[in-house]
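Beneath this line is the structure, given in structure tokens, with notes to follow.
Treat the numbers as computed from the prediction; the structure is a model and nothing was measured.
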Amino acid sequence: MHEPAAKTTVQQTIRRGVPVRRGSEQPYYSLEPGPGEAHGTRTELAPEGHPRGKAGHQNGQSLGEQRRSIAYLAHLTDIQLTDVQSPARLEAMHELGRRPDTMLLLPMMRPQELLAAHATDALARALNRVATSPQTGAALQLAITTGDNVDNMQLNEVRSFLSLLEGGEVCMDSGGSAFEGVQDGRFPWAWAPEDPDNRWGREHGFPHVPGLLKAGLEPFVAAGLNIPWLTCYGNHDGLVQGRAPLTPELGAVMTGHRKVHALPPGPVADFTEHPLETFSGPAHQITPDQARRPVTREEFVEAHFQPAARPAGHGLGERNRLDGTAYYVYDGLPGIRVIVLDTTNPAGIFEGSIDRRQLAWLEERLAEVHVRHADASGREVPGGGDERLVIITSHHPRTSMTNDREVPAGYLDSGDRVLGEEVAAVLHRYPNVIAWVSGHIHRNYVRPLASSSGGFWEISTSSVMDWPCQARLLEVVDNADGTLSIFSTALDHEGPIAPGGTSGPLELAGWHRELAANDPMGVGGFNAHGEPGDRNVELLLPDPRKNRS
């Protein structure tokens, strides 16, 4: 287990403290506050010869009176809100550990997953508190969530996700009156917080937390976001366990009464191709619940059209309701077009891609906000002409759009798939694209993608579910010198750094973060916070509206 570096927020840093050893095989780390982290500057895309390019800019340089804020946004991703008692989960995979036939299926269980709703509420409260930019004083305008909003495409999970961000009562309890998940102490391969003799807990140094399960299932009232927010469709929103296409048989598993606690003997079946085989192992009976039924993409879209939704449909429009798609544009920010892609492949597997129809749609929407751009042959051609900056958002980043599984006939998006490099090549033909914002990899990750016209920044934010459980603030600033800056600031939630009891959502959010900081199978790993240049950083690039040759 490696000690990670500091995590950053607007005002303070939370980092792992001195390890606590309880006679375990591995240490368990507490958290402690630390100093804030200044914004560095990344200049890989700075114009040639610009005085702030390369090593010409120092931390703390004044913004200057001529600079102005164009847009101030929040990004959160991969909440993976989880019904921990659902029979459609395969936590028993963890009994086998990491093997060649399980590597790509893990994790299917996390110590902190029961408390994901509480961490999300605490993050919404933090975003409501940080209402103005620390750089320019601009008001926070919009939040964007980039998919994997829920863990297992279930109706009760989707309803709770919407209540968390819109505000209202949230209850993660399902099934019967007693806890029926795998953390109740019956299974030595799962952490049981209320069993001090739990084997997994002893091996990993995890604490005994009486009352955690009951508290985690208690209903609570979420604050909701004070600003409009946009939605996005991820692989966990549209595939069983984020991997397998929905079938009637898998839908019956979700609402049924068999909770698998061991896998069938022998090699583990390919979950995408033969998911029912993994659900055929030994099981015990639990309380069935129709609220766990699966939600199709069409139903996911429709669920966002609630009276309280800001904006209407949370970005999804009437076209999406009519044709069942989940990609759209949002033009509610002056001077900027946000384009939201649907990168989930309905043919299965957790990596992403888009179909040819969506690619053609993307090119049309890009052309509309360019006076001129390059066509596929590289020849300059006229566009729609209103000249707006463009931010692309999707669940999968370019590097995770490697899923070439062809979608069978009969699907809306049937046919061959478009992968990340082809999408990036199209974006490079449209110079007003300044950023591609994504999730999925559960890591803070920022990289330049240069082109002859300047290029754009790829920005992926760590998940809410896994360490470091953060959101990211993004502000686009006009520097009044022919360049733009994108200021990125990592934001921790409102939960206590050192949780004590289990009274109330914020205390439980504190437990979520501490448990996630110690989860040995956390997606993204203990270094998911990234390097300093992936967190609090100013990203410099040419202003494409002023730098046409």
Can you tell if the side chain of [X] reaches within under 4.5 Å of the side chain of [Y], non-hydrogen atoms only?
{"X": "Val150", "Y": "Ile79", "answer": "no"}
{"X": "His39", "Y": "Gln135", "answer": "yes"}
{"X": "Leu491", "Y": "Leu127", "answer": "yes"}
{"X": "Gln358", "Y": "Asp342", "answer": "yes"}
{"X": "Phe487", "Y": "Ser69", "answer": "no"}
{"X": "Ser460", "Y": "His440", "answer": "no"}
{"X": "Arg293", "Y": "Gln154", "answer": "no"}
{"X": "His208", "Y": "Asp195", "answer": "no"}

Looking at every heavy atom in both [X] and [Y], which two are closest together, and how far apart are they?
{"X": "Gln141", "Y": "Ala71", "result": "OE1-CA, 3.1 Å"}
{"X": "Trp229", "Y": "Thr231", "result": "CZ3-CB, 4.0 Å"}
{"X": "His75", "Y": "Thr77", "result": "NE2-CB, 3.9 Å"}
{"X": "Tyr72", "Y": "Ala138", "result": "CD2-O, 3.5 Å"}
{"X": "Val390", "Y": "Ile339", "result": "CG1-CD1, 3.9 Å"}
{"X": "Gly524", "Y": "Arg443", "result": "O-NH1, 2.6 Å"}

Under a 3.5 Å cutoff, is there a donor and acceptor pairing between the side chains of [X] and [Y]?
{"X": "Ser160", "Y": "Asn156", "answer": "no"}
{"X": "Thr325", "Y": "Asn320", "answer": "yes"}
{"X": "Ser438", "Y": "His396", "answer": "no"}
{"X": "Glu37", "Y": "Asn536", "answer": "no"}
{"X": "Ser174", "Y": "Asp83", "answer": "yes"}
{"X": "His204", "Y": "Asn518", "answer": "no"}
{"X": "Glu458", "Y": "Tyr445", "answer": "no"}
{"X": "Glu157", "Y": "Thr82", "answer": "no"}
{"X": "Gln85", "Y": "Asp173", "answer": "yes"}

Exercise for review: May I ask you to check whether Trp467 and Phe526 place their ring centers less than 6.0 Å from one another?
Suggested key: no
Review point. Would the Phe187 and His261 ring centres measure less than 6.0 Å apart?
Key: yes
Looking at [Y], is its backbone amide N or carbonyl O close enough to the side chain of [X] to form a donor-acceptor pair, meaning the two atoms are under 3.5 Å apart?
{"X": "Asn403", "Y": "Asn345", "result": "no"}
{"X": "Asn235", "Y": "Gly242", "result": "yes"}
{"X": "Asn444", "Y": "Thr461", "result": "no"}
{"X": "Asn128", "Y": "Asn226", "result": "yes"}
{"X": "Ser400", "Y": "Pro397", "result": "no"}

Point to revise | Within 45° cone and under 6.0 Å: Arg159 NZ/CZ vs Phe161 ring | key: no
Tell me whether [X] is salt-bridged to [Y], with the criterion being a basic N under 4.0 Å from an acidic carboxylate O.
{"X": "Glu302", "Y": "Arg321", "result": "yes"}
{"X": "Arg297", "Y": "Asp237", "result": "no"}
{"X": "Glu351", "Y": "Arg405", "result": "no"}
{"X": "Glu113", "Y": "Arg89", "result": "yes"}

Exercise for review: Quick one: do Tyr28 and Glu514 satisfy side chain to side chain donor-acceptor pair (under 3.5 Å)? Show the steps, please.
Suggested key: CA-CA 9 Å; Tyr28 178 92; Glu514 182 176 301; 2.6 Å; yes
Practice item. List the steps, then state whether side chain to side chain donor-acceptor pair (under 3.5 Å) holds for Glu475 with Thr136. Key: CA-CA 9 Å; Glu475 184 174 19; Thr136 67; 2.5 Å; yes
To the closest 0.5 Å, what do you measure between [atom1] ([X]) and [atom2] ([Y])?
{"X": "Thr146", "Y": "Ile392", "atom1": "OG1", "atom2": "CD1", "answer": "13.5 Å"}
{"X": "Asn198", "Y": "Glu203", "atom1": "CG", "atom2": "CD", "answer": "8.5 Å"}
{"X": "Leu90", "Y": "Arg243", "atom1": "CG", "atom2": "CZ", "answer": "9.5 Å"}
{"X": "Asp534", "Y": "His529", "atom1": "CG", "atom2": "NE2", "answer": "9.0 Å"}
{"X": "Leu473", "Y": "Leu73", "atom1": "CG", "atom2": "CG", "answer": "9.5 Å"}
{"X": "Leu31", "Y": "Ile497", "atom1": "CG", "atom2": "CD1", "answer": "7.5 Å"}

Would you mind telling me which of [options] makes a side chain to side chain donor-acceptor pair (under 3.5 Å) with [X]?
{"X": "His314", "options": "Gln306, His304, Glu166", "value": "Glu166"}
{"X": "Gln80", "options": "Asp151, Thr120, Asp466", "value": "Asp151"}
{"X": "Ser488", "options": "Glu538, Arg42, Arg535, Arg472", "value": "Arg472"}

Exercise for review: Determine, stepwise, if the pair Trp436 / Ser394 fulfils side chain to side chain donor-acceptor pair (under 3.5 Å).
Suggested key: CA-CA 8 Å; Trp436 185 348; Ser394 63; 2.8 Å; yes
Practice item. Please report the C-alpha distance between Thr343 and His395 in whole Å, then the side-chain angles of each, then the deciding distance to 0.1 Å, and finally whether the side chain to side chain donor-acceptor pair (under 3.5 Å) criterion is met. Key: CA-CA 6 Å; Thr343 56; His395 177 61; over 6 Å; no
Check your understanding: Does the pair Arg125 and His493 meet the rule for a side chain to side chain contact (heavy atoms under 4.5 Å, CB included), with working shown?
Key -> CA-CA 7 Å; Arg125 293 174 186 272; His493 65 57; over 6 Å; no
Could you pull out all donor-acceptor pairs under 3.5 Å where a side-chain atom in residues 211-224 meets a protein atom, sequence neighbours excluded?
from: Lys214; atom 1: NZ; to: Glu218; atom 2: OE2; distance (Å): 3.0

Point to revise | Test side chain to side chain contact (heavy atoms under 4.5 Å, CB included) applied to Tyr327 and Ile354, step by step | key: CA-CA 10 Å; Tyr327 49 88; Ile354 65 174; over 6 Å; no
